Engineer: 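Handing you this structure, nothing more for now.
All values below come from the heavy atoms of this structure, side chains included, with hydrogens, waters and symmetry mates left out. Below, chains carry the letters A, B, ... as their sequence lines are ordered, and counting in each starts from 1. In this text, all values refer to a predicted model and were calculated from it rather than measured experimentally.
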Amino acid sequence: MASLPEQFGDQSLQQQLQTARSLKNGLSSRQQVLHSGIEALDECCKHVRPGDLVEWGIPPGFNGRLIPLQLLKQEIPPSVWIYHHHGLGVFASSWISHGVDLQRLFFICSENPVRELRPLFLEDTFKRIIIDAPRKFSSGDMAFVSQQARKQGQIVFLIRHFFLSEKRGNPYASLRINTWQSGKRCFSLQMVKGPVSGRISLPYAAVAEEHGNYNHGLLLES
Amino acid sequence: MKTRIIDLSELRCEDEFPAYAAVYSSVTSDPFVLSPTAMRWSERIFLSRLDDCNRFWLAQKKKLRCKLVDLFDPLLRHHCGKDYVAVFADHPWQCLLYLQYQLRHQGKGLYLLHSRLDQNIYRTLDWECWFDAQESLAIHLQTINAGGFQEESFRSRQARMQRFIQRIGVATPHEMSAADANSIMRRFGKWLGRIWQWGFSEASELQGFPWIKLEPQRLPTVKRDLDYPVNQWSYIEVLLREDFARLCDQFHHSDCVHINRMLWEITLYNDHKVSVELSFRHPYSLHRDQPGFATALYQARYIYDDLIRDLQAREHDLDLPEDMPFLGWRVEVGERVLLAPALWDLFAAESGQIDYQQVLNLQNKLPIAFECFQLNASYYPEQSFQRVSIGAAQHEAFDHYPWACSSTGKPLFYFEKPQPIDNPLSGRGRVQKIFLERNSSEWWLSQSALQSIRDYFILKDADGRRSWAYRNQDGDWFKQGEYC
């Protein structure tokens, strides 16, 4: 009777299983990549790894961009925010006031990022790429961007100017979140896809430091 | 006890940038090291007009966070040898005069006439030094056959001036600096009057200084005649890559050469020639980008796409093919700068984790520029920040905190031109108006001195959408941002 090749022996299988388990343990104990300092938000993003694409649903007017911004505050690697808002430019002092280091975060305005900024996705100069409400972004573009991100260990945030729905999924995104400011006192996060589900509320003060302006603002007339 | 060291070499305002430099080099050196505008004064001395590229040097200085001396010294040391002497001042004559003094006293290195120390020494220059420096000027004027210059007459007027100085007993030219250049001109002739003017001028104009611009050496060019017409980028790319390699050969693979512009003259199928420009936002090292030449090829690709689009959109020449093939081209280096590798590498390795050189290289490959910002000490929204070049150091001159926290309640994106809107209270819809702050323009800085007051509000519509708006003192409303 022909003997089993060595790699299929019981002993070997057991070893392989142990190695696989230790690999998994290694994965789970790996350090969290995205930090905000806000416990609830960090919990949502704890499984995000280099190479992942996170999709955000943030319609204009709801101040929701302050949430992904929290993840760009602490010791970030060189990052780029690709934006395209009709007639709107970057109000840099507000970003600085929220604690973003603008020596590390660069901006570029493009309505069709993959077509116009292809070299940016082909290199690993930026470890975080935020694509904010692109006017043109096909599913082919999405496949290209997520593939490049995986290849180069980048984390890509894709911000949509509408709320995301479970009805239309996105296989490329590991995490899909809707965010908005609800009332004067808090921000809301709705997890559409990710390790946790449901809705999370974050106090306003945790997201935007209070300096006596907004929360104590006088409601004059209505 | 703490000791405070006062750096006498750069005591004056850092914004002042010298307009000219005179460099003495004991070795054969390239006169275009500091600027594309240069003049050969003598075999060993060249003059550079820094005014033409002061923005570039100021940006480098800011990026390297160094003093002018630290910026130029490694560069001149690399190109002109360790025994170089260089003087930076507002007028070429001041550079030459002080250079002569330093050479006479075996000075070495770099001198800035803007600095208090060198200015004080300059004021003590005696008449002997003053008249000696005129010897080389006289030779120069004679050589170029300057209009109105006659050596004999010049010498006799010099002698008259020397007699006059002896008579009145003035020890140094500076003691007589209040004398008007016109009166010197009337008394001692045109050229001595001009020399007087040049010696004390703070303006960067030449004021009749005999500047003979040195023509740059012919810059590398490659020409390609195709055996068969091509119009597909995949073919053009391969051939262009070969041409860039040929350009590199012409530069002898020098690590100092960085290119600002390249001209690409394309011969189309109908023998029509189209000239386009490959320009780089940051000096580009062709040599370091070989063998792929990705940056130059990206720029060429953008130009090719635009050109093909324009050609396809044309309405005439309909008999010609839609995708007009190319019959050949010529690639010429239009503008270049020479940067010492030491300076370039220092620039690249700057600031720990962020490799700004990598960002700059990427920038050169993109058709759109990156936007970088830094905070300004102002509460007025439009003036509270400014756009800066990549890697520019932040001002540490003020405490950021009070200025930064004043913008916390403001949106991340704003309208650069505020949009007029109707009074939100007069409309039918329910709009909440939340007062943020009252802001005043910096009227004390403007010429009109008219104060403009704005009351800022957050406007929240019935759907909960927030916008950032203000009411001016005339009661007009403007939307200035969106809480995206």
Engineer: Can you list the residues of residues 126-157 of chain A that sit under 4.5 Å from chain B, counting heavy atoms only?
Structural biologist: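 Residues of residues 126-157 of chain A touching chain B at under 4.5 Å: Phe126(A), Asp132(A).
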Engineer: Around atom CG of Asp463(B), are there more than 12 heavy atoms of other residues, nucleotides or ligands at under 6.0 Å?
Structural biologist: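 Yes, CG of Asp463(B) has more than 12 neighbouring heavy atoms, counting only those of other groups under 6.0 Å.
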Engineer: Tyr298(B) versus chain A, heavy atoms under 4.5 Å apart: side chain, backbone, both or neither?
Structural biologist: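 Contact with chain A is through the side chain of Tyr298(B) alone.
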Engineer: Specify the closest pair of heavy atoms between Ser110(A) and Ile368(B), including all atoms of both residues, with the distance to one decimal.
Structural biologist: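 So the two residues come closest at CB-CD1, 4.1 Å.
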Engineer: Rounded to the nearest 0.5 Å, how far does NE2 of His98(A) lie from OG of Ser407(B)?
Structural biologist: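 NE2 of His98(A) is found 8.5 Å from OG of Ser407(B).
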Engineer: Does the side chain of Leu366(B) come within less than 4.5 Å of Ile108(A)'s, by heavy atoms?
Structural biologist: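 A side-chain contact under 4.5 Å exists here.
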Engineer: Would you indicate whether Tyr380(B), at its atom OH, is surrounded by more than 12 heavy atoms from other residues, nucleotides or ligands within a distance under 6.0 Å?
Structural biologist: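 Above 12, so yes.
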Engineer: Heavy-atom cut-off 4.5 Å, strictly under: side chain, backbone, both or neither for Ser467(B) against chain A?
Structural biologist: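 Contact with chain A: none, neither part.
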Engineer: Please look at Glu123(A) and chain B and tell me whether the side chain, the backbone, both or neither of the residue comes under 4.5 angstrom of a heavy atom of that chain.
Structural biologist: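 When you check distances to chain B, only side chain atoms of Glu123(A) fall under 4.5 Å.
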Engineer: Where on Ile159(A) is there a heavy atom nearer than 4.5 Å to chain B: the side chain, the backbone, both, or neither?
Structural biologist: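 Interface part for Ile159(A): neither.
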Engineer: Say you draw a straight line from CG of Asn63(A) to CZ of Arg465(B); how long is it, rounded to the nearest 0.5 Å?
Structural biologist: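 Reported value, rounded in 0.5 Å steps: 13.0 Å.
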Engineer: Answer with side chain, backbone, both or neither: which region of Ala369(B) has an atom nearer than 4.5 Å to a non-hydrogen atom of chain A?
Structural biologist: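 Interface part for Ala369(B): backbone (N, CA, C, O).
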Engineer: Let me know which of Phe106(A), Trp95(A), Phe107(A) forms a side-chain contact (heavy atoms from CB on, under 4.5 Å) with Phe373(B).
Structural biologist: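 Option passing the side-chain contact (heavy atoms from CB on, under 4.5 Å) with Phe373(B): Phe107(A).
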Engineer: Would you say that Leu102(A) contacts Gln374(B) through its side chain, given a criterion of any heavy-atom pair below 4.5 Å between the two side chains?
Structural biologist: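 In short, these two side chains do not touch, never coming nearer than 4.5 Å.
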Engineer: Between Pro424(B) and chain A, which part of the residue has a heavy atom less than 4.5 Å away: side chain, backbone, both or neither?
Structural biologist: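 Neither; nothing under 4.5 Å.
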Engineer: Is there side-chain contact between Ser97(A) and Lys410(B), with heavy atoms separated by less than 4.5 Å?
Structural biologist: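 Side-chain contact under 4.5 Å: no.
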Engineer: For the residue pair Pro119(A) and Leu362(B), establish whether any side-chain heavy-atom pair is separated by less than 4.5 Å.
Structural biologist: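 Touching, per the 4.5 Å side-chain cut-off.
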Engineer: Mind checking whether Leu412(B) and Leu66(A) have side chains closer than 4.5 Å, heavy atoms only?
Structural biologist: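 Yes, side chains in contact.
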Engineer: Above 12 or not: heavy atoms from other molecules or residues under 6.0 Å from CZ of Arg281(B)?
Structural biologist: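 It does: Arg281(B) CZ has more than 12 such atoms within range.
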Engineer: Once you round to the nearest 0.5 Å, how far does OG of Ser94(A) lie from CZ of Phe385(B)?
Structural biologist: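 Going from the OG atom of Ser94(A) to the CZ atom of Phe385(B) covers 10.0 Å.
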Engineer: Please determine whether the number of non-hydrogen atoms from other residues, nucleotides or ligands lying under 6.0 Å from atom CZ of Arg387(B) exceeds 12.
Structural biologist: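 Atom CZ in Arg387(B) is packed in, count exceeds 12.
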Engineer: Going by residue number, which parts of residues 79-91 of chain A are within reach of chain B, meaning a heavy-atom gap below 4.5 Å?
Structural biologist: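 From residues 79-91 of chain A, the residues near chain B are Val80(A), Trp81(A), Tyr83(A), His85(A), His86(A), Gly87(A), Leu88(A), Gly89(A), Val90(A), Phe91(A).
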Engineer: Under a 3.5 Å threshold, yes or no: a donor from one side chain and an acceptor from the other, between Ser93(A) and Ser384(B)?
Structural biologist: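 Indeed, the side chains of Ser93(A) and Ser384(B) share at least one donor-acceptor pair under 3.5 Å.
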Engineer: Name the option with the most non-hydrogen atom pairs under 4.5 Å to chain B; the candidates are Gly61(A), Ala92(A), Pro60(A).
Structural biologist: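 Of the options given, most contacts go to Gly61(A).
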Engineer: Chain A: which of Ala294(B), Cys372(B), Pro411(B) shares the most heavy-atom pairs with it under 4.5 Å?
Structural biologist: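 Ranked by contacts with chain A, first place is Pro411(B).
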Engineer: Does the side chain of Tyr483(B) come within less than 4.5 Å of Arg65(A)'s, by heavy atoms?
Structural biologist: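 No, side chains not in contact.
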Engineer: Starting from the C-alpha separation in whole Å, work towards a yes-or-no answer on side chain to side chain contact (heavy atoms under 4.5 Å, CB included) for Asp124(A) and Gln358(B).
Structural biologist: CA-CA 10 Å; Asp124(A) 67 345; Gln358(B) 201 183 349; 3.9 Å; yes
